Q: 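This is the structure, below, for whatever I ask next.
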Protein chains: 2
Amino acid sequence: MEINQPEAVVLTERQQAILKLIVQEYVATGRPVGSKTLTERYPVGVSSATIRNEMADLEQAGFLQQPHTSGGRIPTDRGYRYYVHRLMGAPELSSGDQIMIRHQFRQVEFQLDQWVEFAASVLAETAGNVSIVSVPRTLVARMRHFELISLQPRLALLILVTQETAVRQMMVHLPEDTDQAELSRLADALVTETRGLSADEIERQVDGSTDLARYVLEQITFGLRGLNSVERTQIRHSGIENILGQPEFAGEEAQSVLDLLRGGALLSAVLPQLSAGNDVQVFIGDENPADALRRFGVVMATYGINGEVTGILGVLGPTRMSYWRSISSVRYMARLMSDLMEDLYSS
Amino acid sequence: MEINQPEAVVLTERQQAILKLIVQEYVATGRPVGSKTLTERYPVGVSSATIRNEMADLEQAGFLQQPHTSGGRIPTDRGYRYYVHRLMGAPELSSGDQIMIRHQFRQVEFQLDQWVEFAASVLAETAGNVSIVSVPRTLVARMRHFELISLQPRLALLILVTQETAVRQMMVHLPEDTDQAELSRLADALVTETRGLSADEIERQVDGSTDLARYVLEQITFGLRGLNSVERTQIRHSGIENILGQPEFAGEEAQSVLDLLRGGALLSAVLPQLSAGNDVQVFIGDENPADALRRFGVVMATYGINGEVTGILGVLGPTRMSYWRSISSVRYMARLMSDLMEDLYSS
DNA sequence: TGTTAGCACTCTTCTGAAGAGAGTGCTAAC
DNA sequence: GTTAGCACTCTCTTCAGAAGAGTGCTAACA
């Protein structure tokens, strides 16, 4: 994965081992880890006093912190980062998990309009966190077909299908009374005329048409542009129950999670940081771009076909989360979704 | 609204007034209501001792219950029911609220594909509960247009648009290698041939065609049938934060709410009970069809055009919720959605 | 010099007791 | 029929003490 902040400080072998154990223990239990617990639960080979000394050093160096004077230590954001970048090992989903996911996906393979939702739910389950998945967006949308359906004399429904297989439905006010027959004639003519064109290209050719045609074409360019505007990016999420079960988000804090997911606040915070094509990116605690995310760990990746189709997906969890599971899941899902996009778009 | 269980027992004027106050007070505060609180906070005109006597009678009659020997009383499900059916008064959203909602709706009026999601979020906000809204389903789906897009020699994407403006995208395995040109020819021919037909009607005409055409038509009938199958009904929900804030669903209980919303468990529990065309239906506590709903109040309505298009919408809250707000909101939203459907379909 | 045992100390969490607060049912008086 | 008074019950909060876990420091040890 991308290394956001290379860690320069050198830790001894033993310090690394201790830090690793503390992170793992804390992630598993959620409670501060003491020196005694460590010696009792793991075959460390040294006494608790030695561990204590090392822990003091690690705290000095900024990798651990004490929530209160006594009662064990927990990793700092920096500690997590060191763990993720140096100690964790390569995150790769077990082949069993991979097979299971592919198998599950096969069941919805034919219902293209449910891919994103399904991806979100699978990702949430394998990562054990809240997942978010954006509907893929193409760089430029091209007209494939549209239908005009008369609703009232001056009101019509426009159904727009793009080359990129996106669909949009819009209500359109008409500048003059128009019946279905006329709308159909107009649509037939304009469909062949504009097939395969982008919004920009359609705009250039607007001139020579009638008022009504011009107006419809305007709506179509508007619709096409909307399909690949960042602001209109739709996201689906899943797995809130996973994070609500965590003790750190039990009561009041639950609200902050929901607030993040609602209204795409999360998306707009994280999106600018993501560069397409990179591997999985990890934001831990204070490393996060937005204040509201300070108490979270975020693991994100882009998926799609280089430069043409892009989406993002990722998971959101407490800083104390299993980064290994999250990273491996996100990485795998990003690949899977990219493969699907490949099948769909690159012909 | 529909009166599920007409209440035969006769209460005196004063008992009704007291029950009404207790329900309102308990809904507002969430804490059991005592006789003293009542006399202090409302101008009841009698002493707390009298209230106590009346409360004892109401408890006897099954309208109130004591969570513990001392500490006030709370309404039973039956008490709520009596309140809702007899004491509450006509639930009608204030015209201010009505205007606000219509105004908000105007902003997404042209993005038809977002109506349902938006309706859910507005309903959640006005009712102050979790809302669910189903995507409207037409009784019978008729072909309007479809596109076949070649992905691989034996794999194509089918985009299906119905007269009823529903859209479905499906992957289709082809029985023989076929290129885009051939697919387009086939689509052109079949579109004009099947335009306006239902799944059944298309099926009847399958015979005389080529293998490939027959196969595509099969897929189309499958797709059309899927669009109005109950099992595939999609629902959107919104406002989980509203219910998670409630003390009764703070910790563990939150899970049960999420479980209900996930996987449409709620829908399948409530749907059989709903009869189209009726007004708002209210299920309080043990009145609910499913066990998992026992601790909830559910207010549901159908919307749509009589017999042709139907959807459901409603809210879910703790039994202790403001039924007045919920019922008035659900009723108004159902009307609003019905109006929108009217514009869309009845021409 | 690194490691370990021991110890005094700190801080959280659990437990139980005490007291305040709210509400009830009953009785007797109005 | 209504009300005041009273003893009683139950919850909730507070507080102190004990238990548990962990720490830093010191002195001894290999």
Side-chain angles (χ1 to χ4, degrees), chain A residues 10-19 21-23 25-26 28-76 79 247-248 250-251, chain B residues 10-19 21-26 28-76 79 247-248 250-251 320:
Chain A
V10 181
L11 297 183
T12 66
E13 286 278 319
R14 192 165 67 190
Q15 283 173 331
Q16 294 190 9
I18 291 171
L19 178 56
L21 284 181
I22 290 175
V23 170
E25 179 72 12
Y26 182 60
T29 67
R31 272 178 310 190
V33 184
S35 53
K36 218 174 220 164
T37 319
L38 227 49
T39 53
E40 278 166 6
R41 217 162 297 181
Y42 300 92
V44 282
V46 291
S47 78
S48 68
T50 309
I51 302 283
R52 270 204 291 287
N53 288 333
E54 297 286 28
M55 281 166 98
D57 288 355
L58 284 168
E59 184 173 353
Q60 198 73 30
F63 294 99
L64 297 179
Q65 72 186 98
Q66 288 181 296
H68 19 264
T69 314
S70 85
R73 288 178 167 93
I74 62 176
T76 58
E248 42 265 81
Chain B
V10 181
L11 297 183
T12 66
E13 286 279 321
R14 192 166 65 190
Q15 283 173 330
Q16 294 190 8
I18 290 172
L19 179 56
L21 284 180
I22 290 175
V23 171
Q24 288 172 350
E25 178 72 10
Y26 182 59
T29 66
R31 273 178 310 190
V33 185
S35 54
K36 218 173 221 165
T37 318
L38 227 49
T39 52
E40 278 165 7
R41 218 162 294 181
Y42 300 91
V44 282
V46 291
S47 79
S48 68
T50 310
I51 302 284
R52 270 202 291 288
N53 289 332
E54 297 285 29
M55 282 166 98
D57 287 355
L58 284 169
E59 184 173 354
Q60 199 72 30
F63 295 100
L64 296 179
Q65 71 187 101
Q66 289 181 295
H68 18 266
T69 315
S70 84
R73 288 177 167 93
I74 62 176
T76 59
E248 43 263 82
R320 173 189 74 77

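Throughout, protein chains are lettered first and strands after them, A, B, ... in sequence-line order, and every chain is numbered starting at 1. Remember, predicted model here, so these are calculated numbers, not experimental data.
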Q: Answer yes or no: is there a side-chain heavy-atom contact under 4.5 Å between B:R73 and B:I22?
A: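 Counting from C-beta outward, B:R73 and B:I22 never come under 4.5 Å.
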
Q: Where the side chain of A:H68 is concerned, which of C:dC11, C:dT24, C:dA22 is the nearest nucleotide?
A: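 Per side-chain heavy atoms of A:H68, the pick is C:dC11.
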
Q: Tell me: CG of B:D57 to P of C:dC26, nearest whole Å?
A: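 In whole Å, C:dC26 P and B:D57 CG are 12 Å from each other.
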
Q: Quickly work out the B:L64 CG to C:dG23 P distance and round it to whole Å.
A: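 After rounding, the reported distance stands at 14 Å.
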
Q: Please report the distance, rounded to the nearest Å, between CD in B:Q65 and C1' in C:dT24.
A: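 Atom CD in B:Q65 sits about 16 Å away from atom C1' in C:dT24.
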
Q: Side-chain N or O of A:T69 versus OP1/OP2 of C:dC11: is the shortest distance under 4.0 Å?
A: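 A:T69 to C:dC11 OP1/OP2: side-chain N or O found under 4.0 Å.
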
Q: Stepwise, does the side-chain contact (heavy atoms from CB on, under 4.5 Å) test hold for A:M55 with A:I51?
A: CA-CA 6 Å; A:M55 281 166 98; A:I51 302 283; 3.5 Å; yes

Q: Any side-chain heavy-atom pair from B:E54 and B:V46 closer than 4.5 angstrom?
A: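 With C-beta onward as the side chain, the pair stays apart.
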
Q: Short question: side chain of A:T29, backbone of A:E25 - any donor-acceptor pair under 3.5 Å?
A: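 Yes: the side chain of A:T29 pairs with the backbone of A:E25.
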
Q: Does D:dA21 have OP1 or OP2 sitting under 4.0 Å from an N or O in the side chain of A:R41?
A: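 Answer is no, no contact under 4.0 Å.
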
Q: Report the nucleotide, chosen from D:dA21, C:dT10, D:dT9, that has the shortest atom-to-atom distance to any side-chain atom of A:T37.
A: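 Of D:dA21, C:dT10, D:dT9, D:dA21 is nearest to the side chain of A:T37.
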
Q: Please give, in whole Å, the distance from D:dT3 C1' to B:K36 NZ?
A: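 About 13 Å, once rounded to whole Å.
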
Q: With a 3.5 Å limit on both atom pairs, tell me what D:dG17 is paired to, counting Watson-Crick and G-U wobble, or say none.
A: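 Checking every strand shown, D:dG17 finds its partner in C:dC14, with both distances under 3.5 Å.
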
Q: Please work out if B:R14 contacts a base, only the sugar-phosphate, or nothing of the nucleic acid, heavy-atom cut-off 4.0 Å.
A: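 Result for B:R14 = sugar-phosphate.
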
Q: At a heavy-atom distance below 4.0 Å, what parts of residues 47-56 of chain A sit against DNA chain D?
A: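 Contacting residues: A:R52, A:M55.
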
Q: Run the side-chain contact (heavy atoms from CB on, under 4.5 Å) test on B:R320 and B:I74 for me, step by step, so that the C-alpha distance in whole Å, both residues' side-chain angles and the decisive distance to 0.1 Å come before the verdict.
A: CA-CA 9 Å; B:R320 173 189 74 77; B:I74 62 176; over 6 Å; no

Q: So what's C:dA29 paired with, Watson-Crick or G-U wobble, going by both distances under 3.5 Å?
A: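 Its partner is D:dT2 (Watson-Crick or G-U wobble, both distances under 3.5 Å).
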
Q: Take atom CD of B:E59 and atom C1' of C:dG23, then tell me their distance rounded to the nearest Å.
A: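 Atom-to-atom, B:E59 to C:dG23, this comes out as 12 Å.
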
Q: Give the rounded distance in Å between these two atoms: CD of B:Q60 and P of C:dT24.
A: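 One finds 15 Å between P of C:dT24 and CD of B:Q60, rounded.
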
Q: Under 4.0 Å from OP1 or OP2 of D:dT11: is there any side-chain N or O of B:R31 that close?
A: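 No.
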
Q: With a cut-off of less than 4.0 Å, is there a side-chain N or O of B:R73 near OP1 or OP2 of C:dG25?
A: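 Affirmative; the distance criterion is met.
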
Q: How many angstroms lie between atom CG of B:L11 and atom CG of B:L58, to the nearest 0.5 angstrom?
A: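 Interatomic distance, B:L11 CG to B:L58 CG, rounded to 0.5 Å: 6.0 Å.
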
Q: With respect to the side chain of B:V46, which nucleotide from D:dG24, D:dT3, C:dG23 is positioned closest?
A: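 Of the candidates, D:dT3 comes closest.
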
Q: Which residue, B:G71 or A:E40, contacts DNA chain D at a nucleotide closer to its 5' end, judged by nearest heavy atom?
A: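 The residue closer to the strand's 5' end, by nearest nucleotide, is B:G71.
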
Q: Nearest heavy-atom pair of A:S35 and A:S48: which atoms, and what distance?
A: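 Looking at all heavy atoms of both residues, the closest pair is CB-O, 3.5 Å.
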
